[in-house]
Asks: 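Handing you this structure, nothing more for now.
Per chain, numbering begins at 1; letters A, B, ... match sequence-line order.
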Protein chains: 2
Amino acid sequence: MRWLSERELRTWQGFLTAATVLTRLVEQQLKEEAGLSHPQYEVLVRLSAAPDGELRMTELAEVAVTSKSGLTYQVGQLEKAGLVRRKSCPSDVRGVVAALTDEGWRKLREVAPGHAELVRRHFVDGLSERQFAALSDGVDALAARLAPQEP
Amino acid sequence: MRWLSERELRTWQGFLTAATVLTRLVEQQLKEEAGLSHPQYEVLVRLSAAPDGELRMTELAEVAVTSKSGLTYQVGQLEKAGLVRRKSCPSDVRGVVAALTDEGWRKLREVAPGHAELVRRHFVDGLSERQFAALSDGVDALAARLAPQEP
DNA sequence: ACCCACTTGTTCAAATTCGAACCAACGGCT
DNA sequence: AGCCGTTGGTTCGAATTTGAACAAGTGGGT
C-alpha cells in the first residue's frame with residue numbers, strides 16, 4: 001500500500017478547496033444577480049447545450065451530476081419560475097423531458113455574460129497560458145478516467 | 001467583455017465535474033467504511049494537522065472551508081461520536097477549541113489508508129507524471145489567487 | 001401473448017447546509 | 001472606568017440534498 005506523498009496530498013486538497021471556493025463564488029453571484037442557485041444554472045446550461053434545448057430527466061441528471069430526486073426538485077423550482085417546462089416523452093410514456101422555455105432562454109442570455117466574466121476573473125486569468133493548457137489537459141485526463149466508472 | 005472560448009468553457013466545466021464526482025466517490029467510501037461524511041473527515045484531518053490536534057472553531061472553519069454554523073453542526077456530530085472534544089479557550093472566554101480525542105486519532109489512522117488508496121486510484125494514477133506536476137502547479141496558482149480574497 | 005428483470009420519475013423522511021439574528025465578550029480609545 | 005464597533009460561537013428557520021421505497025411502464029426471451 002503506497003502512501004500519498006506530501007505533494008500529492010497538497011495537490012489533492014488544493015484541488016478540492018479550489019473547487020469549493022470557486023463554487024461558492026459562483027453561487028453567490030448567481031444568487032444575487034439572477035436569483036438562481038448554481039445547480040439551477042447548471043440545469044439551464046445543460047439544457048441549452050442540448051438539441052432543441054430539451055433533455056430527458058435521466059440524461060439531464062447525468063450531465064448535471066445530481067441524483068434523480070435532486071433533479072426532480074430543481075426542475076420543479078425552475079418550472080415554478082417559468083424557465084423550464086415539462087413535456088411528456090413521445091417515445092416512452094414514463095418519460096419526461098425538461099425543455100427550456102423562451103423565458104429560460106432569455107434568462108440564460110441575461111445571466112451568462114456575468115457568469116463568464118466571473119469564471120474568467122477567478123479561474124482562467126489566475127493561470128498563465130501554459131498553466132491553463134496543462135490544467136485543461138489534466139482535467140481531460142481525469143474526466144476520461146472518471147466517466148466510465150460503472151460498466 | 002470577452003467571452004469564454006470553447007476550450008475554456010470545457011475546462012471549467014470539466015474541473016467542476018471532476019471535483020463533484022471525486023467528492024462523491026470519497027463520500028461513499030468514507031460513509032460505508034467508517035460512517036463518516038466527507039466534511040467530518042475533513043475536520044478530523046485538519047485537526048490532526050494542527051499542533052496538539054486542536055484548533056479554534058473559527059480557524060477550523062477557515063481551513064475546512066465551511067460556514068461557521070456548518071462547523072458547529074459537524075463538530076457537534078463528531079463530539080457525539082466521541083472523536084472530538086470541545087474545550088474552552090484559555091486566552092478568550094468566548095473561544096472554543098475543538099480537539100481530537102484518542103478515539104479520534106485512532107479512527108483517523110484507521111480510515112486514512114483506505115482514503116489515500118482511493119485518492120491515488122481515482123486522482124493521482126489517472127494522470128501521467130507530467131500531467132500531475134502541471135495540475136499541481138495550476139492548483140497552486142489558483143490557491144494563491146483565491147486565498148487573498150477579502151482584505 | 002406472457003413473464004420478469006430492469007428502467008423512469010416521483011415521493012417521502014432524514015440529514016445537512018446556509019445565512020441572519022443573537023448574545024456575550026473583547027479591546028482600543030477616550 | 002466606560003463606550004462601542006468588532007469578533008466568536010450558537011441557534012433558529014428555510015432551503016436543499018440524498019437514498020430508499022414506490023408505482024408504472026418497457027422490452028427481450030420464451
Asks: About how many Å separate CG of B:L36 and CD of B:E27, when rounded to the nearest 0.5 Å?
Replies: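 Here the rounded value is 10.0 Å.
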Asks: Using the side chain to side chain contact (heavy atoms under 4.5 Å, CB included) definition, which of the options B:D52, B:V84, B:L83 pairs with B:L100?
Replies: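 So the option named by the test is B:V84.
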Asks: So B:Y41 and B:H115, would you call those rings parallel, tilted or perpendicular, with 30° and 60° as cut-offs?
Replies: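 B:Y41 and B:H115: tilted rings.
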Asks: Atom CG of A:L135 and atom CZ of B:F15: how far apart are they, to the nearest 0.5 Å?
Replies: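 Here the interatomic distance stands at 6.5 Å.
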Asks: Would you call A:R46 and A:E59 a salt bridge, using N to O less than 4.0 angstrom?
Replies: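 Salt bridge flag = no for A:E59 with A:R46.
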Asks: Within the 4.0 Å heavy-atom criterion, would you say B:S37 contacts the bases, only the backbone, or no part of the nucleic acid?
Replies: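 Nothing: the residue B:S37, judged by heavy atoms under 4.0 Å, touches no strand.
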Asks: If I take atom CZ in residue B:R56 and atom C1' in nucleotide D:dT7, what distance separates them, rounded to the nearest angstrom?
Replies: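 Distance, rounded to whole Å: 9 Å.
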Asks: At 4.0 Å (heavy atoms only), tell me whether A:G70 reaches a base, stays on the sugar-phosphate, or touches nothing.
Replies: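 The residue A:G70 makes base contact.
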Asks: Take atom CD of B:E42 and atom C1' of C:dT17, then tell me their distance rounded to the nearest Å.
Replies: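 Result: 16 Å.
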Asks: For a quick check, tell me whether the side chain of A:S67 and the base of D:dG19 share a donor-acceptor pair closer than 3.5 Å.
Replies: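 When only heavy-atom distances are counted, A:S67 does not reach the base of D:dG19 through any donor-acceptor pair under 3.5 Å.
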Asks: How long is the line joining CD of B:Q28 and C1' of D:dG19, in whole Å?
Replies: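 B:Q28 atom CD is separated from D:dG19 atom C1' by 11 Å.
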Asks: By nearest heavy atom, map A:V97 and B:S69 onto DNA chain C; which one lands nearer the 5' end?
Replies: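 Upstream on the strand: A:V97.
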Asks: Would you kindly give the NZ-to-P distance between B:K68 and D:dT6, to the nearest whole Å?
Replies: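 Distance check: B:K68 NZ to D:dT6 P gives 14 Å.
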Asks: Would you please classify the geometry between the A:F123 ring and the A:F132 ring as parallel, tilted or perpendicular, with 30° and 60° separating the classes?
Replies: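 Plane angle over 60°, so perpendicular.
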Asks: On DNA chain C, nearest-nucleotide positions of A:E59 versus B:V93: which is more 5'?
Replies: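 The answer here is A:E59.
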Asks: Inspect the contact between A:R145 and B:D125 and indicate whether a charged nitrogen and a carboxylate oxygen are less than 4.0 angstrom apart.
Replies: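 Salt bridge: no.
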Asks: Quick one: on DNA chain D, does A:D92 or A:K31 contact a more 5' nucleotide (nearest heavy atom)?
Replies: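 Between the two, 5'-proximity favours A:K31.
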Asks: Can you list, in residue-number order, the parts of residues 71-82 of chain A that come under 4.0 Å of DNA chain C, counting heavy atoms only?
Replies: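 Of all residues in residues 71-82 of chain A, the ones placing a heavy atom under 4.0 Å from DNA chain C are A:T72.
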Asks: Rounded to the nearest Å, what distance is computed from the NE2 atom of residue B:H38 to the P atom of nucleotide D:dT18?
Replies: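 So the NE2-P distance, B:H38 to D:dT18, works out to 14 Å.
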Asks: Measure the distance from CD on B:E27 to P on C:dA15 and round it to the nearest whole Å.
Replies: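 Distance check: B:E27 CD to C:dA15 P gives 15 Å.
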Asks: Between P on D:dA20 and CD on B:E32, what's the gap in Å once rounded to a whole number?
Replies: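 Answer to the nearest Å: 11 Å.
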Asks: Within the structure, does a side-chain N or O atom of A:R94 lie under 4.0 Å from either OP1 or OP2 of C:dT10?
Replies: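 No, because none of the side-chain N or O atoms of A:R94 sits under 4.0 Å from OP1 or OP2 of C:dT10.
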Asks: Tell me: NZ of B:K87 to C1' of D:dG9, nearest whole Å?
Replies: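 B:K87 atom NZ is separated from D:dG9 atom C1' by 18 Å.
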Asks: Between A:R24 and C:dC18, is there a contact of a side-chain N or O with OP1 or OP2 at under 4.0 Å?
Replies: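 Checking A:R24 against C:dC18: at least one side-chain N or O falls below 4.0 Å of OP1 or OP2.
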Asks: Does D:dG8 have its OP1 or OP2 closer than 4.0 Å to a side-chain nitrogen or oxygen of B:R86?
Replies: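 Checking D:dG8 against B:R86, no side-chain N or O comes under 4.0 Å of OP1 or OP2.
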